[in-house]
Amino acid sequence: MIRRAKGTRDILPPESRLWAAVEEQARSVFGGLSYEEIRLPVMEPTELFVRGVGEGTDIVSKEMFTFPDRKGRSLTLRPEGTAGVARAFIEEGLFQRPQPVRLLYIGPMFRYEKMQRGRYRQFAQIGIELLGAATPQADVEVLMALHMFLEALGFDDLVIRLNNLGDPEDRPRFIAGLKRELASHKDELCSDCHRRWDENPLRLLDCKVPRCRELMLNTTPVAEVVSDEARAHVEEVSAGLTALGIPVQSAPRLVRGLDYYLRTAFEIVSPHLGEDTAIGGGGRYDRLISDLGGPQVPGIGFAIGEDRLIDVLPSGFRDRVLGVRPVVVLPAADGAETAAMKLARSLVEHGLEVRNEVTGRSLRAGLKWAAKVGARAVVILGPDELAVGEATVRDMDSGEQRRVELERVAEELTAQD
RNA sequence: GUGGGCGUAGCUCAGCUGGUAGAGCACAGGAUUGUGGCUCCUGUGGCCGUGGGUUCGAGUCCCAUCGCCCACCCCA
């Protein structure tokens, strides 16, 4: 048997309904703020991610699906969405449109990772990017959008964890200070931290090892070392969110896995799900476009892990989506097929979800089947009904049924809502 | 990348010290020829993950390999 590639999965009905509903909600909420969908290639030149995401990141150093095409060009399946958006922004001249530009993307990303529950090598992200606005208000809008979207799905205890990464110019000063503070305890750090010490010192902050964590708590937060402008920027973002009634929590050790973030960096969490499970995260990336050879255009955005989101979806939303029940149309007489099909067409046109019986089951077997597929009602077209142009409409919960003229079946079924 | 556990029907699993592959659920039909959910009967469904080895004989023992799960690591 041929099996799916490691780390991929098949999303079957009815689970797939949740995906469709979540994406529809995203288009609705983000669309309401004029974020319009951009559809990008899932493969890009490898160099885009090496330069965009950063060579020292885990993603680029060991998690990319990279392969040569038939002419020897190195391609990579996108491990995240922002780099591709930045590339398209430059290549398609989006900086010549009225600024800022608001974009939404939904789609699969790929990372060659060790498998674990809730983590896949192909996973989906929903993200937005706001390009061409450097103000704190831009950050506030993006975070508000994130909050609105998740609230629309029924999350009710969301907290934004916010950090200030400063500007790239602040980085060496901060890192030097951090190392100075940690120097006397360097031998107590874990082996990974020793590696990070030289390769990616910022990520020292992010270590999950308890002893390392303790040591980090005593270090000076990045936010206190950054330039006045950077500090004012993030403080204004925080104040703006608070003024909107969106809970914000300062997260001095929050560091994200992508090199391009500066100033604003954040995650959104739902505390009752556990503090380690961020639903989404993002930040500001004012140098990314220019680093990739484009104009100096600032940007901010986030990505939500759709797989994980669907895993933790509030039950209300879940039940609403999965609770939709079909109406079964059941021809139970010779020659009833056409009338049944016409009726099905009419019911669908009235917005009902119809499930036709097309296997020639007996009335009895048909009803049994209807119960199994969760039908809320069955429309029976037997010989008696057919003779007088009627149908029997049976409510599958109450068992009540009545004869209705064919033209009035849709009306009968939509009335009970 | 490191450590541990597990691979038998679509799903959950049983299968003893090696001797002709099983159950429940699910699916299909019927008992009830115009009425579902309960019950009962019948049926479909397997190269026992794959390859090699030991043996008269392997689902069972040995080796390898692939896959899945858990933890670490990392991360949306």
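Every chain is numbered from 1, with letters handed out A, B, ... down the list of sequences. All of these numbers come straight from a predicted model, not from anything done at the bench. The analysis underlying the following values was restricted to heavy atoms, covering all of them including side chains, and did not include hydrogens, waters or symmetry mates.
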Gap in Å between the two [atom1] atoms, one belonging to [N] and one to [M], rounded:
{"N": "B:A21", "M": "B:C16", "atom1": "P", "answer": "14 Å"}
{"N": "B:C62", "M": "B:U17", "atom1": "P", "answer": "13 Å"}
{"N": "B:C70", "M": "B:U60", "atom1": "C1'", "answer": "26 Å"}
{"N": "B:G49", "M": "B:U35", "atom1": "P", "answer": "47 Å"}
{"N": "B:U32", "M": "B:C41", "atom1": "C1'", "answer": "13 Å"}
{"N": "B:C61", "M": "B:U55", "atom1": "C1'", "answer": "10 Å"}
{"N": "B:G22", "M": "B:G45", "atom1": "P", "answer": "14 Å"}
{"N": "B:A26", "M": "B:A71", "atom1": "C1'", "answer": "34 Å"}

Inset, instruction - Please say which of A:I11, A:L309, A:L313 ends up in a side-chain contact (heavy atoms from CB on, under 4.5 Å) with A:L18. - result: A:L313

Inset, instruction - Walk me through it: do A:L244 and A:L143 pass the test side chain to side chain contact (heavy atoms under 4.5 Å, CB included)? - result: CA-CA 11 Å; A:L244 291 170; A:L143 280 157; over 6 Å; no

Could you check whether [X] gets within reach of a base, just the sugar-phosphate, or nothing at all, counting any heavy atom under 4.0 Å?
{"X": "A:A303", "value": "sugar-phosphate"}
{"X": "A:E306", "value": "nothing"}
{"X": "A:R361", "value": "sugar-phosphate"}
{"X": "A:G399", "value": "base"}

Inset, instruction - Would you please classify the geometry between the A:F30 ring and the A:Y35 ring as parallel, tilted or perpendicular, with 30° and 60° separating the classes? - result: perpendicular

Legend entry - Phosphate OP1/OP2 of B:A28 contacted by A:K372 side-chain N/O (<4.0 Å): yes

Expressed as a whole number of angstroms, how long is the span from [X]:[atom1] to [N]:[atom2]?
{"X": "A:E63", "N": "B:G1", "atom1": "CD", "atom2": "P", "value": "12 Å"}
{"X": "A:E400", "N": "B:G37", "atom1": "CD", "atom2": "P", "value": "18 Å"}
{"X": "A:R4", "N": "B:C66", "atom1": "CZ", "atom2": "C1'", "value": "14 Å"}
{"X": "A:L12", "N": "B:C11", "atom1": "CG", "atom2": "P", "value": "12 Å"}
{"X": "A:R111", "N": "B:C73", "atom1": "CZ", "atom2": "P", "value": "18 Å"}

Inset, instruction - Select from A:Q125 and A:W369 the residue whose nearest nucleotide in RNA chain B is closer to the 5' end of that strand. - result: A:W369

Legend entry - Pairwise 5' ranking along RNA chain B for A:M396 and A:A5, keeping only the more 5' one: A:M396

Taking NZ, NE, NH1 and NH2 as the nitrogens, is one of them in [X] or [Y] under 4.0 Å from a carboxylate oxygen of the other?
{"X": "A:R408", "Y": "A:E412", "value": "no"}
{"X": "A:R39", "Y": "A:E37", "value": "yes"}
{"X": "A:R403", "Y": "A:D384", "value": "no"}

Inset, instruction - Sugar-phosphate atoms are those with a prime plus P, OP1 and OP2; base atoms are the rest. Using that split, label each nucleotide of nucleotides 30-35 of chain B B, S or - for protein heavy atoms under 4.0 Å, 5' to 3'. - result: BBB-BB

Inset, instruction - Could you tell me whether A:R121 sits above the aromatic face of A:F110, with NZ or CZ closer than 6.0 angstrom to the six-membered ring centre and within 45 degrees of the axis? - result: no

Inset, instruction - Pull out every stem in RNA chain B, meaning runs of 3 or more consecutive Watson-Crick or G-U wobble pairs with both distances under 3.5 Å. - result: B:1-7 with B:66-72, B:10-13 with B:22-25, B:27-31 with B:39-43, B:49-53 with B:61-65

Legend entry - Exam field: side chain A:E357 to backbone A:G360, donor-acceptor pair closer than 3.5 Å: yes

Legend entry - Main-chain N/O of A:L130 paired to A:R102 side chain as donor or acceptor, under 3.5 Å: no

Inset, instruction - Begin with the C-alpha distance, continue with both residues' side-chain angles, and end with the deciding distance and a verdict on side chain to side chain donor-acceptor pair (under 3.5 Å) for A:H233 and A:N164. - result: CA-CA 9 Å; A:H233 180 96; A:N164 188 348; over 6 Å; no

